[in-house]
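The structure appears below as structure tokens.
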Number of protein chains: 2
Amino acid sequence: MEPPAQSRRVTIVDVARHAQVSTTAVSKVLRNAYGASPAMREKVQRSIAELGYRPYAAARGLRGQTYTIGIMLPDIRNPFFPDIVDGVTDWFKDTDYQVLLGPGCNGEEAEARVTEAMVDRGMDGLILVAPVSPRSHLEHLANLVPTVVVGRHGHSPRYDTVADDDIAGAALIVRHLADLGHRRIAHIEHLETDPTRIAEMPNTQRSEGYRRAMRERGLADETDIVSTSYTQEGGYLGAQQLLARKRRPTAIFAGSDFVAMGVLEALAEAKLSVPEDISLTGYDNTSFAALRSISLTSVDQAGNDIGANAARLLLDRITERGRPTVQVKLSPTLIVRNSTAPAAR
Amino acid sequence: MEPPAQSRRVTIVDVARHAQVSTTAVSKVLRNAYGASPAMREKVQRSIAELGYRPYAAARGLRGQTYTIGIMLPDIRNPFFPDIVDGVTDWFKDTDYQVLLGPGCNGEEAEARVTEAMVDRGMDGLILVAPVSPRSHLEHLANLVPTVVVGRHGHSPRYDTVADDDIAGAALIVRHLADLGHRRIAHIEHLETDPTRIAEMPNTQRSEGYRRAMRERGLADETDIVSTSYTQEGGYLGAQQLLARKRRPTAIFAGSDFVAMGVLEALAEAKLSVPEDISLTGYDNTSFAALRSISLTSVDQAGNDIGANAARLLLDRITERGRPTVQVKLSPTLIVRNSTAPAAR
DNA sequence: CAGCTCGTGGGAAACGTTACCCATTCCATG
DNA sequence: CATGGAATGGGTAACGTTTCCCACGAGCTG
């Protein structure tokens, strides 16, 4: 019943012996490096297959690459992030790289722990999704290892960025609601206090986009923002505040789908129905929004494209570390569902 | 504008020089190993802090441990899995271990790719959540590296398992519905065809539990199972089949919350309301179920406990590889919400 | 005081892979 | 036929850490 004495891993040396060549030769074949004849390649490949050899990443790491890419996600629960991850993994699918995710990165401290751990493990590249760390830490990381920052505006000479145009996204919503005849359109935002990153966060961009679009439509006086947080709880509390106004809004633009879920709850408690009494929109087009019984108008960020772009930029930077940084900005699209309707006369 | 010449990492040699001791000594301090006086410990610790030294996991891996735990998740989108992950990461929080997730493991082939990659990276332990690979592959893996399998029944002399009692969970549902006066209780299951794993999968356990509980309540003749899949689509199609019956069920036990979402859709199309016309239950108690506008009666699996148990067993096995394997079975609880109501007379 | 043991510290050889550089062969060129 | 260069293959020293051992001295025991 004892497990068989754990057999030693097949190494490059075993392959070399089996194929009757040097370890150098095997290494060259593995990396498609220059200096190996087709005949030798063939011979080595056969030995590799026969022995079932697999390169040991830890050993490779000691000499350079580990062929591992790390993705830091602030929260696996947010259904928007898997799309990004899929975009990244798809891109790396046919390469030797393996993508690994760091879990539980809520908050600056946890974020630092995970990213440090990734550096310690010799990862070849990092994709940081919506990080909350200060810029200085991001740049520190980017100095150590090729890095792409996703979902955060602003640019750095150290890392590439990929983000969706949140200003445009907010405008899509406001225009849609205004076109339906709404004037009192309120917004629930995520309160951002940290001055070092305030301008870079998507949430502040969304509220800025809201403000601009309201102005553009001549609704500047109707601008009404409640600051809570991008959580269900935040939506619930925000909606309660809005419903307590003397002049209630006729439409609410929640900063994220999560927030909209909380708003729905508050509205249900107040016996108000959507969209008859109040129109509601979310942001991120998560799977919640698509549920038929919720059917929330939302903004789609094309998570797959975001991920794919991040992966592309990262691979570029791994190949050519010195190249100037790039900022990719993607355009969101509006998904109209049943939670928005013309304003009551 | 050029990044500063990438500074070399601080190594154990630098620390040794700075503290005026040997590298061996530093290594001992790092691992709390025997053979270092308190005085030396103190001296080395100070140097480590001063230089900001961090051990390089890749190099450690070459000689033994990498202090990395891999979790394989079949699908990040399933809101049930994050609870498990949280349970695991919480357990490892105060240790030197770092948990990393493998993404995109849908299907046997992808699963094998990810697990192989984890082995190649010298991970110290693996937690496989609801794997679909055949037992032989799981045992092969477990031979290479300590492994815990989560959410799959049956036991092996090679790996530990943690699972929720799905038979008991299904019984909770059936009893709840029967107590409400329902007799025609139908079940939508995930069709399992692979004979090698059929008895081990949670889905088959759930339908078995359903059958038994129906018998127990004297409702054997009302047993009505539709086989589709554990997806929203599967729920939609399954519900359509059930609604086409001559004698429609008065309650539907969907095998997972996802399935229930699809059922809701089909019911809405058929202009049937929940729970007035039909009672509906899910399984897994995902965040969907808790949404107020859905409010689905479901079974909670205590994902955190599952994760914590898996972590504990894994750490045990890393410390003592030879010990006999353990099977942990946890008890689910019923969460009653508004989607179930007494059967119409 | 000889012979042990115990506590403390270090030397050096791994671990598996890659990168640098050199050696050999072969062929084309003058 | 001598020379040069390209093509091919290999020797070997790293990379950063751990582990096995050995050395040294102090404090015991008989």
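Chain letters run A, B, ... following the sequence lines, proteins first and then strands; every chain starts at 1. Small disclaimer: the values here were computed from a predicted structure and weren't measured.
- DNA chain D is contacted by both R63(A) and M40(A); M40(A) maps to the nucleotide lying nearer its 5′ end (nearest heavy atom per residue).
- For the residue pair Y159(B) / Q327(B), no side-chain donor-acceptor distance below 3.5 Å is found, with atom types taken as modelled.
- Ion pairing of R113(A) with E108(A) is absent here, as no side-chain N (NZ or NE/NH1/NH2) approaches a carboxylate O to less than 4.0 Å.
- The side chain of V21(B) sits closest to dG10(C) out of dT17(C), dG10(C), dT18(D).
- Residue contacts shown for A36(A) are limited to sugar-phosphate atoms, with no base heavy atom under 4.0 Å away.
- Looking only at distances, a side-chain donor or acceptor of T68(A) sits under 3.5 Å from a matching main-chain atom of T66(A).
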* salt bridge (charged side-chain N to carboxylate O under 4.0 Å, His left out) between R77(B) and D86(A): does it pass, once the steps are laid out? -> CA-CA 11 Å; R77(B) 289 191 159 71; D86(A) 282 351; 2.8 Å; yes

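- Within 4.0 Å (heavy atoms only), V26(B) reaches no atom of the nucleic acid at all.
- Between the P atom of dG10(C) and the OH atom of Y34(B) lies a distance of 15 Å, rounded to the nearest Å.
- You'll find that the side chain of T24(A) is closest to dA19(C), out of dA19(C), dT18(D), dT18(C).
- Between R54(A) atom CZ and dT17(C) atom P the separation is 12 Å, expressed in whole Å.
- Between Q65(B) atom CD and dT17(D) atom C1' the separation is 12 Å, expressed in whole Å.
- You'll find the side chain of D160(B) stays beyond 4.5 Å of the side chain of V149(B), heavy atoms only.
- Put simply, R31(B) has a side-chain N or O that comes within less than 4.0 Å of OP1 or OP2 on dT19(D).
- Donor-acceptor pairing under 3.5 Å, judged by distance alone, is absent between the side chain of S27(A) and the base of dA19(C).
- Side-chain proximity of K28(B) to the nucleotides dG10(C), dT17(D), dG16(C) is greatest for dG10(C).
- Taking atom OH on Y67(A) and atom P on dT17(C), their separation rounds to 12 Å, with Å as the unit.
- Between the CG atom of L62(B) and the P atom of dT19(D) there is a distance of 12 Å, rounded to whole Å.
- Here the P atom of nucleotide dT17(C) and the CZ atom of R121(B) are 13 Å apart, to the nearest Å.
- Here dT19(D) presents its P atom at 12 Å from CG of L30(B), a figure rounded to the nearest Å.
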